[in-house]
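Nothing fancy with the numbering, it's 1 onward along the sequence.
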Amino acid sequence: MADKDDKIPLDARLLSDAIIELNISRRNVSIYPRDHPSVDKSLSKAFEYMQKLFELRTEITLAIARDTLIIDDYYLDKKNPVYREFALNLSRMNIAHVTFITGL
């Protein structure tokens with residue numbers, strides 16, 4: 001049986017901001033050393049957006065279909081270059097889905 005949280009839609013703008021910050025964090029972590037201010041700043045911003053999303057739902061799963069992100073039954077804008085880049089990078093690592101869980 002699905003939780004009632006599964007029925008709560010996510011705020012599209014908030015979700016977009018979170019994905020953008022996750023993508024920035026991914027890039028920063030790959031090019032800067034661990035304690036670099038850019039890494040800390042981007043990870044903190046991504047964390048803040050995820051915390052806001054967790055106020056709406058306790059669990060968020062992103063599915064990856066090569067160059068496309070899917071949440072619930074909805075494809076995110078396939079023309080958005082940030083979504084595409086994020087999806088492609090996850091896909092190249094053979095990641096089919098990522099589940100974010102509050103408190104984890």
Side-chain angles (χ1 to χ4, degrees):
M1 180 178 201
D3 282 348
K4 68 178 181 177
D5 282 348
D6 290 341
K7 306 283 187 226
I8 300 172
L10 288 173
D11 179 284
R13 183 69 206 161
L14 188 55
L15 177 62
S16 180
D17 289 343
I19 291 171
I20 289 167
E21 287 304 325
L22 286 170
N23 194 48
I24 291 169
S25 295
R26 179 197 57 76
R27 284 194 326 238
N28 285 345
V29 165
S30 70
I31 61 176
Y32 294 115
R34 177 176 290 184
D35 294 330
H36 194 280
S38 292
V39 171
D40 291 341
K41 183 179 177 183
S42 63
L43 288 173
S44 291
K45 284 180 83 173
F47 181 76
E48 287 175 25
Y49 283 116
M50 293 304 295
Q51 290 299 99
K52 290 177 184 175
L53 285 171
F54 289 140
E55 291 174 7
L56 302 174
R57 291 189 8 189
T58 58
E59 184 176 304
I60 302 156
T61 298
L62 283 177
I64 296 90
R66 200 175 74 82
D67 63 351
T68 305
L69 296 174
I70 305 163
I71 185 157
D72 299 332
D73 295 329
Y74 304 98
Y75 288 83
L76 300 185
D77 182 5
K78 295 179 182 185
K79 295 179 183 177
N80 183 312
V82 175
Y83 297 167
R84 182 176 163 78
E85 178 185 356
F86 192 59
L88 282 168
N89 275 278
L90 293 173
S91 182
R92 285 184 195 122
M93 292 185 284
N94 295 320
I95 296 173
H97 70 274
V98 177
T99 299
F100 299 97
I101 302 171
T102 190
L104 186 63

A.B. asks: Would L69 and I19 count as a side-chain contact (heavy atoms from CB on, under 4.5 Å) if you check the C-alpha gap in whole Å, the side-chain angles of each, and the deciding distance to 0.1 Å?
C.D. replies: CA-CA 10 Å; L69 296 174; I19 291 171; 4.0 Å; yes

A.B. asks: List for me each residue that meets side-chain hydrogen bond (donor to acceptor under 3.5 Å, both in side chains) alongside N28, sequence neighbours excluded, and say none if there are none.
C.D. replies: S42

A.B. asks: Run the numbers on D77 and Y83 for side-chain contact (heavy atoms from CB on, under 4.5 Å), then give the verdict.
C.D. replies: CA-CA 7 Å; D77 182 5; Y83 297 167; 4.1 Å; yes

A.B. asks: Of all residues at least two apart in sequence or in a different chain, which pass the side-chain hydrogen bond (donor to acceptor under 3.5 Å, both in side chains) check with R13?
C.D. replies: D17

A.B. asks: Does the distance from a Lys or Arg side-chain N to an Asp or Glu carboxylate O, for D11 and R57, drop under 4.0 Å?
C.D. replies: no

A.B. asks: When clusters are formed from ILVMFWY side-chain contacts under 4.5 Å, directly or step by step, what else is grouped with I31?
C.D. replies: V29, Y32, V39, L43

A.B. asks: Under 4.5 Å between side-chain heavy atoms, hopping through other hydrophobics if needed: is there a path connecting L14 to V82?
C.D. replies: no

A.B. asks: Using residues 44-54 as the side-chain source, report each donor-acceptor pair under 3.5 Å to any protein atom, sequence neighbours left out, with the distance given to one decimal.
C.D. replies:
unit_1, atom_1, unit_2, atom_2, d
S44, OG, D40, O, 2.9

A.B. asks: Tell me, please, which residues at least two apart from S91 pass side-chain hydrogen bond (donor to acceptor under 3.5 Å, both in side chains).
C.D. replies: none

A.B. asks: When you look at E59 and T99, which way does the side-chain contact (heavy atoms from CB on, under 4.5 Å) test go after all the steps?
C.D. replies: CA-CA 7 Å; E59 184 176 304; T99 299; 3.5 Å; yes

A.B. asks: T68: which residues meet the side-chain hydrogen bond (donor to acceptor under 3.5 Å, both in side chains) condition with it, sequence neighbours left out?
C.D. replies: none

A.B. asks: Which distance, rounded to the nearest 0.5 Å, do you find between the OG of S25 and the NZ of K41?
C.D. replies: 11.5 Å

A.B. asks: Check whether any side-chain heavy atom of I71 sits under 4.5 Å from a side-chain heavy atom of L15, and report yes or no.
C.D. replies: yes

A.B. asks: Shared ILVMFWY cluster between L76 and L56, side chains joined below 4.5 angstrom?
C.D. replies: yes

A.B. asks: Please identify each residue that fulfils ring-ring contact (aromatic ring centres under 6.0 Å, His included) with Y74, with sequence neighbours left out.
C.D. replies: none

A.B. asks: Apply side-chain contact (heavy atoms from CB on, under 4.5 Å) to R92 and list each qualifying residue two or more places apart in sequence or on a separate chain.
C.D. replies: L88, N89

A.B. asks: Counting C-beta onward and ignoring hydrogens, is there a side-chain heavy-atom pair between K79 and R84 closer than 4.5 Å?
C.D. replies: no

A.B. asks: Run the side-chain contact (heavy atoms from CB on, under 4.5 Å) check on H97 and L62 step by step: do they pass?
C.D. replies: CA-CA 5 Å; H97 70 274; L62 283 177; over 6 Å; no

A.B. asks: Examine V98 and F86 and state if one hydrophobic cluster contains both, with Ile, Leu, Val, Met, Phe, Trp and Tyr joined whenever side-chain heavy atoms are less than 4.5 Å apart.
C.D. replies: yes

A.B. asks: Tell me, do H36 and P33 make a side-chain contact under 4.5 Å, heavy atoms counted?
C.D. replies: yes

A.B. asks: Would a single hydrophobic cluster contain both L90 and I24, if residues Ile, Leu, Val, Met, Phe, Trp and Tyr are joined by side-chain heavy-atom contacts under 4.5 Å?
C.D. replies: no

